[in-house]
Amino acid sequence: MTSLSSTPVLRTTLLWSAAATAALAVAGAIIGFAVGGASGLWSAIVAIVLAAVFLGFTAGTILIANRWFGDPLYVPIFFGAVMGGWLLKFVVFLVVLFLLRGQPWLNAGVFFVALVASVVVSLVIDAVVMTRMRVPAVDVTLPTLADVVDDARRPTAPEQGEDAAETPPPADANPPRD
């Protein structure tokens with residue numbers, strides 16, 4: 001089984017996002033505490049962790065779905081995993097927001113700013129990783145010199161020998177379209 005070219009890109013994105021999440025959590029905790037005390041600190045941390053989990057979930061589902069690359073059912077498995085993951089993420093995100101709404105310890109302003117900052121940083125990381133990675137346009141395996149030599153050394157079938165050169169190719173049964 002060959003590896004997909006998107007796998008290293010997604011792994012790099014997840015690694016950079018984890019490092020950025022750690023940095024954002026420290027900065028968010030300090031700024032949140034300075035702005036809103038203990039509730040600001042926890043609001044910032046919850047928002048940053050929530051954004052990291054949901055943004056990493058998409059890359060994770062694609063990496064899991066890529067394990068079936070080469071299987072005849074790869075395309076339906078891939079789109080089922082990605083769409084199912086997206087739907088699950090959407091429902092869980094709404095449930096979490098409804099549970100957090102109105103909590104006395106939640107500072108809504110700090111939560112919102114930390115959530116937006118996390119999403120923006122994640123999008124910047126995705127853009128930087130995608131522009132720096134050298135990904136081929138098509139996932140193919142080209143023949144090697146050994147494959148070409150092996151094909152050249154293989155004897156030809158009798159129907160492809162000298163008699164085949166004398167026989168004209170069959171005419172096309174379908175007339176050309178106008």
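Every heavy atom of this structure was used, including side-chain atoms; hydrogens, water molecules and symmetry mates were not.
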What distance separates [X] [atom1] from [Y] [atom2], expressed to the nearest 0.5 Å?
| X | Y | atom1 | atom2 | value |
| --- | --- | --- | --- | --- |
| N66 | T61 | CG | OG1 | 9.5 Å |
| S43 | Q103 | OG | CD | 10.0 Å |
| L15 | R11 | CG | CZ | 9.5 Å |

Check which hydrophobic residues are tied to L100 through side-chain heavy-atom contacts below 4.5 Å, counting indirect links as well, and list them.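 Joined to L100, directly or through intermediates: F33, L41, W42, I45, V46, V49, L50, V53, F54, F57, L88, V92, F93, V96, L97, W105, L106, F111, L115.
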
Using a 4.5 Å cut-off between side-chain heavy atoms of Ile, Leu, Val, Met, Phe, Trp and Tyr, which other residues end up in the same hydrophobic cluster as V119?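 Members besides V119, by chain and number: L55, L123.
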
Which residues share a side-chain hydrogen bond (donor to acceptor under 3.5 Å, both in side chains) with D71, sequence neighbours left out: none

Would [X] end up clustered with [Y] when hydrophobic side chains under 4.5 Å apart are linked, directly or stepwise?
| X | Y | result |
| --- | --- | --- |
| I30 | V113 | no |
| F79 | Y74 | yes |
| V75 | L10 | yes |
| I62 | I64 | yes |

Please determine which of L14, T12, T13 meets the side-chain contact (heavy atoms from CB on, under 4.5 Å) test together with W16. T12

Which label fits W86 and F90: parallel for a plane angle under 30°, tilted from 30 to 60°, or perpendicular past 60°?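 It falls in the parallel class, under 30°.
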
Might you point out which heavy atoms bring [X] and [Y] nearest each other, and give the distance in Å?
| X | Y | result |
| --- | --- | --- |
| S118 | I48 | OG-CG1, 3.3 Å |
| L24 | A117 | CD1-O, 4.4 Å |
| G28 | A44 | O-CB, 3.2 Å |

Short question: side chain of T21, backbone of S17 - any donor-acceptor pair under 3.5 Å?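 It does hold such a pair.
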
Using atom types as modelled and distance alone, determine if a side-chain donor or acceptor of D151 lies under 3.5 Å from a backbone N or O of V148.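 Checked: no pair found.
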
Strictly below 4.0 Å, N to O, side chains only: are D150 and R153 in salt-bridge contact? no

